[in-house]
Each structure stands twice: as C-alpha cells, then as structure tokens.
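Reading through the structure tokens given below for one structure.
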Amino acid sequence: MARPLEATIVLDAVRHNLAVARACASAAKTWAVVKANGYGHGLERLLPALAAADGLALIEFDKACALREGGWRKPILMLEGAFDAADTALARAFGLDLVVHTDEQLGWLAAGATAAPVRVVVKFNSGLSRLGFDASGLRRAHAQLSGLPGVAAVGLMTHFANADIAHGADDAIERFQAASAGLAGERTLANSATVLSVPAAHGDWIRAGIMLYGATPFSDRPAAALGLRATMRLHARLIAVRTLQAGDSVGYGSTFTARQPMRIGVVACGYADGYPRHAPTGTPVTVDGVPTTTVGRVAMDMLMVDLERCPGAGVGSRVELWGDAVPIDVVARSAETIGYELMCALAARVAVRVEALSALRSGD
Ligand SMILES: *Cc1c(COP(=O)(O)O)cnc(C)c1O
C-alpha cells in the first residue's frame, strides 16, 4: 500500500482565485506568477486553471521553454530577466519577455540586436533594493532599449518592499511614478497584496502570485476573508494510536509530556514531506474532521496529534495537515513562517492528486 499521505491540487480553487484577482483589477491584464513550480503546486498541472490569465510570469528558463513547447501561446515574462547572454538568445527563440535590471542584461540585448526582437520590461528600484535601476538609470536604460532594433517593446516595472502593510507601498508608488513620468510603455507594479488593497498600483498588468494559491499576503487578513479558496490540501492518515500515561513524553527531545492519561495518534507526515519542523505542540490539524492539535516535535516521517477530542479516531483516520479546514496560513504562522514557504516546500515524495476543473458556474 502507498504511504497514506497525499496532496490535492484543487484546480477549481485556482481558477476561482484568478477570477478574484482579475475582478480586483478589471482594467488591467494579469500575469499569473508561476515561479517555483507554481508555488509548489506543479506548473503543468495548473495550466488548465490559468487559461484566463493574460500571461505567465516566472524565473526559470527551462520551465518557460517547456511552457512554449507544451503549447502556451500567450506572453511569458521572465521576472529576473536573463542570467547570461545565452538566456537572451533563448528569450528571442522562444518568445519570452525579459525583465531588464542591470547594465549587463542591457549589453546582452544590444549585442544580439539584429536577431528576432524581444519584449522587455525595465525595472525600477522603489525601495526593495535587490534588483532594479535608480531613477536616472531607469531613464537611461529605457532610452537605450527603446533605440535597439532587437527590442520590440519596452515596459516599466517595480516590486514593493512593504506591500503587505497598510500604506506601505505609497512612497514606492510615488517614486515609481516620478521616475517613469513621461516614459512610454506599459506599467506593472502590483503583487497580490497591492492587487487586493491598492487600486492605484494596478497599472497595465498586475502580477498575482500567492493569492492564486489561496493564501494571504497579509499577516492580519485571512485568505477566506479575501474571498480566496485553498488550492493545496495535505492529508494523511493515522498509522498508530497509543495511550500515554501521566508523565510519559512523546517524540524526539521529549518536548511534550502528558499530565494525565491521554490518547495520541501518529500521522504519516513529517518534515521530509514539507510539514514544517518548527511547528510546535498546539499547531492545528483535524482528525476525521474534528479540530485538534499536534503534540511533540515533528520528525522526518511522522508527527503526533492529540486524540482526546477524537474518541472515535483510530488507525486509518484521516488527518488534514492543511486545506479547507486548516488554512495553510494558520500552520505557517504557528511555525513562524508564511504560507508561501510551506507550499513551495511540498516534497517530491508526496503523492499528488489533481482535482480536475468542473464546468464553470456563474460567479466563478
Ligand atoms: C513573486 C513575485 C510576484 C508575486 O508576488 P505575490 O506576493 O506572490 O503575489 C510579483 N512580482 C515579482 C517580481 C515577484 O518576484
């Protein structure tokens, strides 16, 4: 028998969340951000649910080329641009749009100027200070790129440092607007947090990532309150049940000790599956639909749960680690991380089932 642990990718939920993003910014086009293998969901699996996106945005050139070979015809934006001259040539050959954030990338584009034209998006540093030009660099790069015969169109972008905080993007938006004033080209500024909360940042193209995957970009607003649905469920089963006596400890390091006799269950899921090792005793789960919590330290292949509230539970009982009843964001917060990290960390050894798209209902 297969190990009783399975992730489910819910394509209806992805399609719904994309519709939420598009409704938030109905005047803009939508880049569906699918880097990191579609935030751990499996990029190829997601494509049927992303048909309404105007383009896909990612980092990885091998994945982008595979998308083209698989028949994706709409735009593809490489969010970090080319990593070398060969990538620039790949972009021309495969029709990939390139972010340009360094003079080196500019140089590779200038060198191949007679080849097939490529569309580019020049990036402004509005305060994140990882990638992008300052204001004068932006204008210089825009002018240079606009003059290259090998460049078909020049867009403008920035990426926010504090989009998840109320008014956290205000300064950055102003800086971007000042730096790009008068320059021709489509604008893209908004990640999920600003798609959801800052219409002034919507521009010509939004870049929706985490919201497509049903997790919140905010620390204080749950995904359900934003109208988002869980797209990844992680379910396992109990492989053992035992009764601890008062004073018995469970798990490595004996971090949890029973105060009175109690039943616990052993779940077929551990940190080698992507469940966070730092989730402490008390992290929410459900067992046969009943809310309860983990006890003791998460191990490589197992974790333990309190069955005191689940008298009917036994070997084979179904455990939701995250999904509809246990939001991934709640587990993430308990482990002092974010939903992004948990979904990206789903391990390759976990079996994945895809819940196919249903026929569209009105409202989807
Ligand atoms: C990942 C990424 C996004 C998407 O951000 P979310 O917070 O997941 O919506 C947008 N823009 C850039 C440049 C990115 O790298």
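First listed ligand is number 1; within each ligand, the first listed atom is number 1.
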**OP:** Tell me, with the steps shown, if H101 and F133 meet ring-ring contact (aromatic ring centres under 6.0 Å, His included).
**Re:** CA-CA 6 Å; H101 59 82; F133 295 100; 7.8 Å; no

**OP:** In sequence, state the C-alpha distance, the side-chain angles, and the governing distance for T231 and H41, and then conclude on side chain to side chain donor-acceptor pair (under 3.5 Å).
**Re:** CA-CA 8 Å; T231 61; H41 288 62; 2.6 Å; yes

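Protein heavy atom nearest atom 12 (C) of ligand 1, with residue, atom name and distance: H159 CE1, 3.4 Å. Among all protein heavy atoms, the one lying closest to atom 9 (O) of ligand 1 is S192 OG, 2.5 Å.
Inspection of the T293 and D306 side chains reveals no N or O donor paired with an N or O acceptor under 3.5 Å.
Under the side chain to side chain donor-acceptor pair (under 3.5 Å) rule, H235 has a single partner from R353, E6, R318, which is R318. Between F124 and the choices L138, L189, L131, L156, the side-chain contact (heavy atoms from CB on, under 4.5 Å) rule is met once, by L138.
Below 3.5 Å of separation, one finds no N or O of A193 facing any N or O of ligand 1.
When the heavy atoms of F160, Y340, Y39 are ranked by distance to atom 7 (O) of ligand 1, first place goes to Y340. The option with the heavy atom closest to atom 2 (C) of ligand 1, from among K35, K123, H101, M157, is K35. When the options R130, E80, R207 are ranked by their closest heavy atom to atom 10 (C) of ligand 1, first place goes to R207.
Under 4.0 angstrom from ligand 1, there are no non-hydrogen atoms of M211.
Of the charged side-chain nitrogens involved, none lies within less than 4.0 Å of a carboxylate oxygen, so that D170 and R175 do not count as a salt-bridged pair. Using a cut-off of 4.0 Å between Lys/Arg side-chain N and Asp/Glu carboxylate O, D273 and R349 are scored as salt-bridged.
For the ligand labelled ligand 1, residue Y213 lies outside the 4.0 Å heavy-atom shell. Residue contact check for ligand 1: W31 places no non-hydrogen atom closer than 4.0 Å to it.
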